[in-house]
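Position 1 is the first residue of the sequence; numbering continues from there.
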Amino acid sequence: MRLTHPRSGAMAAVLVTLCGLGLGGCDALDSINPFAEKYKPEVIPDVPADKLYSEGLARMEDKDYEGASKKFGELDKAYSYSDWSRKALLMTAYSNYEGAKYDDAINASKRYLQRHPASKDAAYAQYLMAMSHYKQIPDVTRDQDRSEKALAGLQELVQKYPTSEYAVDAKAKIQITRDQLAGKEMEVGRFYLERRNFPAAINRFRDVVSKYQTTRHAEEALERLTEAYMALGLTQEAQTAAAVLGHNFPDSPWYKDAHALLQNGGLEPREEKTSWLSKVYRGVIGRTAEAQ
């Protein structure tokens, strides 16, 4: 037999009576038991997937990219692991990209590629991710982390999806991004050269010639190497740098400067075939043709 408090039956009768009085009675119930939890069931309407998707597209047309992203996010959660979820996740990335919320676009694109690596739209997700980094590339005076991430993303796109419709644009942007990274190295190299820190300057110009020899900065980098090597008395290296510059860019004003610098020292451009510079430029033509 279950024992009850002697007043429990009376209290139950009072509660039933109060609630039986209607809304006012239930208010009285709350006053008697102020600590009682007020539970109000929330009815969530079952919105069809196509309706959520259409609402997201409508917000995109109105350029309400944040609203569109929220709608596609709702669709992704409500219809997880469905084809609607896949579409919603890609559109979430796209709406964030269009709304210049690039970090959100990157995260959505990454999730898409993790969930649907073999999808027909995987190339587009990769493109959105790479372009979201690309859009945030700063000027050469600042850290180039975004440039490096953009380059990596664009190169991965070309390697994984070489026949996609985005590959041609990715290749063009790869060259622009490489030029940006070379520009940063040149800026730092000039800084060291002006302060007569020639070894540090040489390291920077050497990076440009080794990694970014097909960019517009290569000519100046070779001339700056000629300057720095001459300043250190490394005449053979200076002659090779000038010779490689003249061979690859014979009409360049940078070659004229390098040639004049050597002549002032009683020297002429002369390539040492075993030099690292010679080895680098012997492979340029092949790499350029392959990239194209």
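Between Ser147 and Tyr134, the side chains place no donor N or O within less than 3.5 Å of an acceptor N or O (distance only, hydrogens not considered). No donor-acceptor contact under 3.5 angstrom links the side chains of His116 and Arg86, judged on distance only. Under the 3.5 Å distance criterion, with hydrogens and angles disregarded, no donor-acceptor pair is assigned to the side chains of His133 and Glu148. No side-chain donor-acceptor contact under 3.5 Å links Thr240 and Glu271.
Between Ala242 and Tyr255, the shortest heavy-atom contact is O-CE1, 3.4 Å. Nearest heavy-atom pair, Val209 versus Ala221, reported as atom, atom and distance to 0.1 Å: CG2-CB, 3.8 Å. The heavy-atom pair separating Leu52 from Leu75 by the smallest distance is CD1-CA, 3.9 Å. Residues Ala68 and Ser95 share a closest heavy-atom pair of CB-CB, 4.1 Å. Heavy-atom minimum distance, Ala218 versus Gln213: CB-O, 3.4 Å. In plain terms, the two heavy atoms of Met230 and Leu261 that are nearest each other are CE-O, 4.1 Å.
Within the 4.5 Å cutoff, the side chain of Gln136 has no heavy atoms near those of the Lys149 side chain. Residues Gln144 and Pro138 meet the side-chain proximity criterion, which asks for heavy atoms closer than 4.5 Å. In this structure, Glu227 and Phe198 have side chains that are not in contact, with every pair of non-hydrogen atoms separated by 4.5 Å or more. With contacts defined as side-chain heavy-atom distances shorter than 4.5 Å, the pair Lys71/Met91 does not qualify. Taking 4.5 Å as the limit, some side-chain heavy atom of Tyr53 sits within range of a side-chain heavy atom of Phe72. Residues Asp179 and Tyr212 fail the side-chain proximity criterion, which asks for heavy atoms closer than 4.5 Å. Proximity of Tyr112 to Asp121: side-chain heavy atoms (C-beta onward) are separated by under 4.5 Å at one or more points. Using a 4.5 Å heavy-atom threshold, the side chains of Phe205 and Leu193 count as touching.
Here the straight-line distance linking atom CD of Glu223 with atom CH2 of Trp254 works out to 6.0 Å at 0.5 Å rounding. Expressed to the nearest 0.5 Å, how far CG of Leu157 lies from NZ of Lys173 amounts to 11.0 Å.
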Quiz item: After noting the C-alpha distance and the side-chain angles of Arg178 and Lys211, does the key distance pass the side chain to side chain contact (heavy atoms under 4.5 Å, CB included) rule?
Solution: CA-CA 9 Å; Arg178 285 168 53 81; Lys211 299 177 183 177; 5.6 Å; no
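No cation-pi contact links Lys279 to Trp276, judged by a cut-off of 6.0 Å to the six-membered ring centre and 45° from its axis.
With Tyr229 as reference, Glu237 is the one residue of Glu237, Gln239, Gln236, Arg224 to meet the side chain to side chain contact (heavy atoms under 4.5 Å, CB included) rule.
A salt bridge does not link Asp50 with Lys87: every distance from a Lys NZ or Arg NE/NH1/NH2 to an Asp or Glu carboxylate oxygen is 4.0 Å or more. A salt bridge links Arg146 with Asp103: at least one charged nitrogen is closer than 4.0 Å to a carboxylate oxygen. Of the charged side-chain nitrogens involved, none lies within less than 4.0 Å of a carboxylate oxygen, so that Glu74 and Lys70 do not count as a salt-bridged pair. At a threshold of 4.0 Å, the pair Arg59-Glu66 does not count as salt-bridged, since none of the basic side-chain nitrogens sits closer than that to a carboxylate oxygen.
The backbone N or O of Ala49 lies less than 3.5 Å from a partner atom in the side chain of Tyr79, making a donor-acceptor pair. Using a distance-only test at 3.5 Å, with no hydrogens or angles considered, a donor-acceptor pair links the side chain of Ser278 to the main chain of Glu272. The backbone N or O of Ala105 sits less than 3.5 Å from a side-chain atom of Ser109, completing a donor-acceptor pair. Formation of a donor-acceptor pair under 3.5 Å by the Asp62 side chain with backbone atoms of Asp64 is not found in this model. Distance alone, capped at 3.5 Å, is enough to place a donor-acceptor pair between the Ser80 side chain and the Lys77 backbone. Ser252 contributes no side-chain N or O that, together with a main-chain N or O of Phe249, makes up a donor-acceptor pair within less than 3.5 Å.
Between Tyr166 and Tyr127, the ring-plane angle classifies as parallel under the 30° and 60° cut-offs.
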